Amino acid sequence: MPRPSAFDRALLGGRSPDAFLSRCWQREPLLIRGAIPALRGLPDRRALADLASRDDVESRLVEVVEGRWSMKHGPFARLPRRRRDWTLLVQGVNLHDPRVDAVMRRFDFVSSMRLDDVMMSFAVDGGGVGPHLDSYDVFLLQVQGRRRWRWRRSPSTSAHAKAVVDGVPLKLLANFAPDDEAILEPGDMLYLPPSCAHEGVAIGDCVTASIGFRAPSWNALTQEFLFAMAERSWPDGRHADAGRRATRKPAAIDPSMLASIERTLGAIRWNRHDIEDFVGRHFSEPKPDVYFDPPRPKSLARFAARAARGGLVLDLRTVLLYRGSRGYIAGEPFALPGTSRAALGRLADRRALDADATAALLADHAAAALLHRWWTDGWIHFA
Ligand code: SIN
Ligand code: CO
């Protein structure tokens, strides 16, 4: 889907991305009326139910029956018949529907390293997931029907505000005290920074899309980085102690073993290039449940002829990142040939390349071989 050439300021309530980012992002909620007014063709109840019946799509069903909350994980062969108090949540809808991907790409004024996915929910009257906190920034876009949102204008920090109800399969806030509320109509959107408590309740049937962001936890990121450094530094090294002496204190920490561990850990080194390489691989890595569908193979010549006629697009699941002379796609690094650096950068940023730009890029042998390989792996497609 072509990108609007200029940023559509309605999306952020008349603000430029910079104005929004400096004022609201990670700081305060923002209610935007008519953010995306002409929403058409996005998944409805039926389309979401179809997605939720698939075992390669993550879905949940949250219900309140006689005052008791329950949550089930999909796939679901059918949805409840009841008219009240349930909601179906489908994760990663952008990976399956190009129109939802196009909505998500409107938020590409934030790095794709921060974009996560679009979760969509269908709810019947009274349906919702209860009052809760999310750890991430989110834009809650009302797609169909109406929903009453109530929220806190500032992040919850105290233990009292964060306390959850015991014995419920969801993290429901025990002391939710909203200080703002609004009924959202189709096209309206509510931005919430991390940790702002909120609750959305459907007024009749409604569909909501959550454009979610991700922020790596330092703990998880460090673990993964050190794992990569360990793999690289010591692919198969092991402690060895030929010629060791007998001990009479077998429970005492072995001093020579301790010294050898200290030497080993102290010898692990990394530099800026290692960090950059790790970041490129990590943030371009597809999610664990993502699989690509490779096409029927074509020779490089046939591939190039067809691509040059119509251009190329990235698969919805592909993350392509670049920095300087290196690029990363689907968790793998590649060298960016100097002559085609600008064009490949454009493909990464816009997620598509028109026929002329593709033809020019294919004139470079290294770039043509790279694109052919990506196409063969199902990472890019003919436009
Ligand atoms: C929903 O769509 O019902 C839930 C969105 C949220 O509150 O995170
Ligand atoms: Co939420």
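First listed ligand is number 1; within each ligand, the first listed atom is number 1. A quick note: this is a predicted structure, and the numbers were derived from the prediction, not measured.
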Within-shell test, [X] vs ligand 1, heavy atom, strictly < 4.0 Å:
| X | value |
| --- | --- |
| Trp151 | no |
| Glu199 | no |
| Asp134 | yes |

Using a strict 4.0 Å threshold on nitrogen-to-oxygen distance, state whether Arg54 and Asp50 make a salt bridge.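 So Arg54 does not pair with Asp50 through a salt bridge.
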Looking at Asp277 and Arg326, does any basic side-chain N land under 4.0 Å from a carboxylate oxygen?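 So Asp277 pairs with Arg326 through a salt bridge.
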Between Arg281 and Tyr328, is there a donor-acceptor pair closer than 3.5 Å when you use the side chain of the first and the backbone of the second?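 Checking the backbone N and O of Tyr328 against the side chain of Arg281, no donor-acceptor pair under 3.5 Å is found.
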Side-chain donor or acceptor of Asp180 paired with backbone N/O of Arg153 under 3.5 Å: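 Flag not set: sc Asp180 to bb Arg153 has no pair under 3.5 Å.
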Got an N/O contact under 3.5 Å between [X] and ligand 1?
| X | answer |
| --- | --- |
| Ser121 | yes |
| His198 | yes |
| Ser210 | no |

Name of whichever N/O/S atom of His198 is nearest to the Co ion (ligand 2):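 Sorting the N, O and S atoms of His198 by distance to the Co ion (ligand 2) puts NE2 first.
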Of all the N, O or S atoms in Asp134, which has the shortest distance to the Co ion (ligand 2)?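 Sorting the N, O and S atoms of Asp134 by distance to the Co ion (ligand 2) puts OD2 first.
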Considering only protein heavy atoms, which is closest to atom 7 (O) of ligand 1, and at what distance to one decimal place?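 Nearest protein contact, heavy atoms only, for atom 7 (O) of ligand 1 is His132 CE1, 3.0 Å.
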If you count the atoms of ligand 1 from 1 in the order shown, which ones are under 4.0 Å from a heavy atom of Arg147?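 Contacts of ligand 1 toward Arg147, numbered from 1: 3 (O).
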Check the surroundings of atom [atom1] in [X]: do more than 12 heavy atoms from other residues, nucleotides or ligands lie under 6.0 Å from it?
| X | atom1 | result |
| --- | --- | --- |
| Arg33 | CZ | yes |
| Arg302 | CZ | no |
| Arg148 | CZ | no |

Member of Phe109, Trp25, Tyr136 meeting the ring-ring contact (aromatic ring centres under 6.0 Å, His included) criterion with Phe213: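 Among Phe109, Trp25, Tyr136, the one meeting ring-ring contact (aromatic ring centres under 6.0 Å, His included) with Phe213 is Trp25.
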Under 4.0 Å, heavy-atom basis, I'd like to know which part of Leu140 is in contact with ligand 1: side chain, backbone, both or neither.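 The side chain, only.
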